[in-house]
Every structure is written in C-alpha cells, then in structure tokens.
Amino acid sequence: MTSLQRRRLLAAAAGALFPATLLAQGAPLTPSCGRQTARQTAGPFFKPDSPQRKSLLEKGENSALLMVSGLVLSANCKPVANALLDFWHADEFGEYDDKGFRCRGHQFADAQGRWRLETILPAEYPGRARHIHVNVQAPGKRILTTQLYFPEEFGHHRDGLYQSSLQLKINKKENLLDGRFDFVVDA
Ligand SMILES: [Fe+2]
C-alpha cells in the first residue's frame with residue numbers, strides 16, 4: 001500500500017468514526033459522560049426529611065444484604081463533590097415505611113463524587129420490578145429524580161417504567177450483592 005492509499009484509508013476510517021461536522025470543529029478533547037441519567041417519577045412513596053446515613057440496615061437485619069456505590073458526575077465527566085443523594089425503597093416484603101424511615105436515608109457524595117449505600121434487597125411489588133428510588137442533586141442545581149433497577153429480573157417485562165439504562169451492574173459476592181451505578185446530573 002502506498003502512503004497516499006494509507007492516508008486515504010485512515011481518512012475514510014476517521015470519517016466513519018466522527019461525523020463531518022465534528023471533524024470540521026475538531027474532535028472533543030475530553031471523553032463525554034454521555035447523556036444525563038434518565039429521569040423517572042418519584043412515585044407516591046417519597047417522604048422528605050429522611051435521616052442522614054449511609055447504612056439503612058436495622059439492628060438484627062437478616063434480609064439479603066445489598067451494597068450499592070458509584071459516582072455523581074457532571075455531563076463533562078467531572079466528579080460532583082457534595083452531591084445530595086436521597087434513597088428510598090420497598091422492604092423485603094415490597095412495602096414502603098410510611099410511618100417511619102425504614103429503607104430511607106440521604107447522604108452526600110465525597111470530594112471525588114463517590115457515594116456508597118448499604119441496605120437490604122428490596123422486594124418487587126405488584127406492577128413493579130425490583131427498584132430503588134433516588135433523588136440526586138448537585139449543590140444548588142436541579143434535583144434529578146430517578147430509579148435504579150436490577151439485572152436479570154423477570155419483572156422487567158411487566159413494569160412499564162423499567163429502563164435498561166438505569167440498571168445496576170451487580171456482582172454477587174459471598175453473602176451480599178454489590179451494585180454499581182454512576183449518575184450524570186446538571187452540575
Ligand atoms: Fe417504588
């Protein structure tokens with residue numbers, strides 16, 4: 001192959017990877033975190049003033065344990081320090097605690113945008129696949145309300161709200177499930 005042929009081939013490959021408009025403007029220098037995390041309804045069970053805590057486990061808890069962690073990022077992939085995350089979910093029977101704060105709690109991401117929640121595995125309830133509700137908010141910005149889902153659940157097909165982009169990445173460890181999700185918010 002001549003060097004001219006090689007240059008033409010490389011140019012054709014670049015054209016396939018990047019739309020002409022992007023090539024004209026110069027390719028972006030920083031990786032994109034893609035679109036903002038999809039918004040979902042809060043549903044009827046949100047309660048304000050949840051306790052600040054990273055563990056929702058009660059004393060003597062013997063339900064399946066779940067550890068979920070991740071990052072809060074801006075659309076240009078910067079960690080969002082001190083982002084608020086307010087979680088609420090159904091218990092092991094698919095019930096929400098509307099009198100107290102079982103399976104409810106808020107926390108703030110650290111300086112690197114990291115968060116970590118320790119809780120129990122919520123159960124499905126009629127019409128809904130297993131999920132965790134959350135409000136995420138960068139300091140002083142708009143609240144992003146959404147829900148996180150679990151992989152390989154039979155309930156997905158009969159839950160009209162389920163979105164695969166909101167699915168946790170789950171690793172099964174000895175006696176707990178370890179889930180991972182990164183939020184992308186207005187920051
Ligand atoms: Fe729910």
Side-chain angles (χ1 to χ4, degrees), residues 36-73 80 82-110 113-139 141-173 175-186:
Q36 190 172 304
T37 301
R39 292 177 182 275
Q40 293 220 305
T41 174
F45 303 113
F46 174 70
K47 263 179 77 165
D49 305 321
S50 70
Q52 183 176 348
R53 53 185 180 175
K54 295 186 176 187
S55 176
L56 308 185
L57 299 180
E58 310 281 333
K59 269 192 187 137
E61 195 76 73
N62 52 14
S63 302
L65 296 186
L66 173 68
M67 201 74 87
V68 203
S69 61
L71 298 170
V72 182
L73 300 167
V80 181
N82 302 316
L84 168 70
L85 300 110
D86 194 356
F87 294 98
W88 72 105
H89 64 77
D91 66 13
E92 67 274 42
F93 305 110
E95 308 268 346
Y96 286 87
D97 183 0
D98 57 357
K99 296 195 173 65
F101 289 95
R102 183 154 188 250
C103 302
R104 298 174 187 271
H106 74 272
Q107 61 178 278
F108 295 90
D110 70 9
R114 295 176 299 194
W115 60 273
R116 183 174 186 83
L117 178 74
E118 184 180 59
T119 187
I120 60 166
L121 185 66
E124 295 182 345
Y125 55 90
R128 295 305 321 276
R130 201 188 302 278
H131 62 280
I132 294 175
H133 294 269
V134 60
N135 285 332
V136 190
Q137 184 181 30
K141 301 291 181 178
R142 187 177 170 206
I143 295 172
L144 180 130
T145 300
T146 192
Q147 305 183 34
L148 300 179
Y149 296 88
F150 293 76
E152 296 167 26
E153 294 271 322
F154 290 117
H156 291 164
H157 71 279
R158 49 188 159 79
D159 184 341
L161 291 177
Y162 166 76
Q163 273 181 260
S164 57
S165 69
L166 296 173
Q167 197 163 280
L168 292 159
K169 286 196 178 76
I170 294 273
N171 271 320
K172 277 188 185 145
K173 295 192 175 165
N175 48 7
L176 68 87
L177 290 174
D178 188 14
R180 164 98 201 185
F181 193 87
D182 296 336
F183 296 99
V184 181
V185 299
D186 280 339

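These numbers come from a predicted model, not from an experiment.
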Measure from the side-chain N and O atoms of Q40 to the backbone N and O of L161, and report whether any donor-acceptor pair falls under 3.5 Å.
yes
Before you tell me yes or no, could you show the steps for R180 and L71 under side-chain contact (heavy atoms from CB on, under 4.5 Å), namely the whole-Å CA-CA distance, both residues' side-chain angles and the distance that decides it to 0.1 Å?
CA-CA 9 Å; R180 164 98 201 185; L71 298 170; 3.7 Å; yes
In terms of heavy-atom contacts, Q167 and F181 come closest through O-CD1, 3.8 Å
Would you say that L166 contacts T37 through its side chain, given a criterion of any heavy-atom pair below 4.5 Å between the two side chains?
yes
For R142, is the CZ atom crowded, meaning more than 12 foreign heavy atoms sit under 6.0 Å from it?
no
Can you tell me how far apart CG (L57) and CG (L117) are? Round to the nearest 0.5 Å.
8.5 Å
Considering only heavy atoms from C-beta outward, does the side chain of P122 approach that of L66 to under 4.5 Å?
yes
Kindly compute the distance separating CG (D97) from OG (S50), expressed to the nearest 0.5 Å.
12.0 Å
Residue pair L144 / A38: nearest heavy atoms and the distance that separates them:
CD2-O, 4.4 Å
Reported CG-to-CG distance for the pair L148 and L168, which is rounded to 0.5 angstrom:
5.0 Å
Could you label the plane-to-plane angle of the Y149 and H156 rings as parallel, tilted or perpendicular, counting under 30° as parallel and over 60° as perpendicular?
perpendicular
Could you report the tightest heavy-atom contact between T41 and H133, atom names first, then the distance?
O-ND1, 4.2 Å
V72 versus L85: any side-chain heavy-atom pair under 4.5 Å?
yes
Using a strict cut-off of less than 4.0 Å between a Lys/Arg side-chain nitrogen and an Asp/Glu carboxylate oxygen, indicate whether R102 and E95 qualify as a salt bridge.
no
OG1 of T145 to CG of D86, rounded to nearest 0.5 Å, is 9.5 Å
Using every non-hydrogen atom in the two residues, find where K47 and K99 come nearest and quote the distance to one decimal.
NZ-O, 3.3 Å
For G94 and A123, work out which heavy atoms get closest and say how close.
N-CB, 3.4 Å
CZ (R116) with more than 12 external heavy atoms under 6.0 Å
no
Does atom CD (Q52) have a neighbourhood of more than 12 heavy atoms from anything else shown, all under 6.0 Å?
yes
State, with a plain yes or no, whether a side-chain heavy atom of F87 is found less than 4.5 Å away from one of K54.
no
Please tell me if the side chains of V185 and K141 come closer than 4.5 Å, counting only heavy atoms from C-beta onward.
no
Counting C-beta onward and ignoring hydrogens, is there a side-chain heavy-atom pair between F183 and T146 closer than 4.5 Å?
yes
For the CD atom of E118 and the CG atom of L176, what is their distance to the nearest 0.5 Å?
8.5 Å
For the side chain of R130 and the backbone of P151, is there at least one donor-acceptor N/O pair under 3.5 Å apart?
no
Between H89 and C103, is there a donor-acceptor pair closer than 3.5 Å when you use the side chain of the first and the backbone of the second?
no
Look at D178 together with K173 and state whether they make a salt bridge at an N to O cut-off of under 4.0 Å.
yes
For W88, which of F101, F46, Y96 qualifies under ring pair (Phe, Tyr, Trp, His ring centres under 6.0 Å)?
F46
Going from CG on D186 to CD1 on I143, what distance comes out if it is rounded to the nearest 0.5 angstrom?
11.5 Å
Taking all atoms of both residues into account, what is the closest heavy-atom pair of R128 and D159, and its distance?
NE-OD2, 2.8 Å
Flag the pair L121 / F150 as yes when at least one side-chain heavy-atom distance between them is below 4.5 Å, and no otherwise.
yes
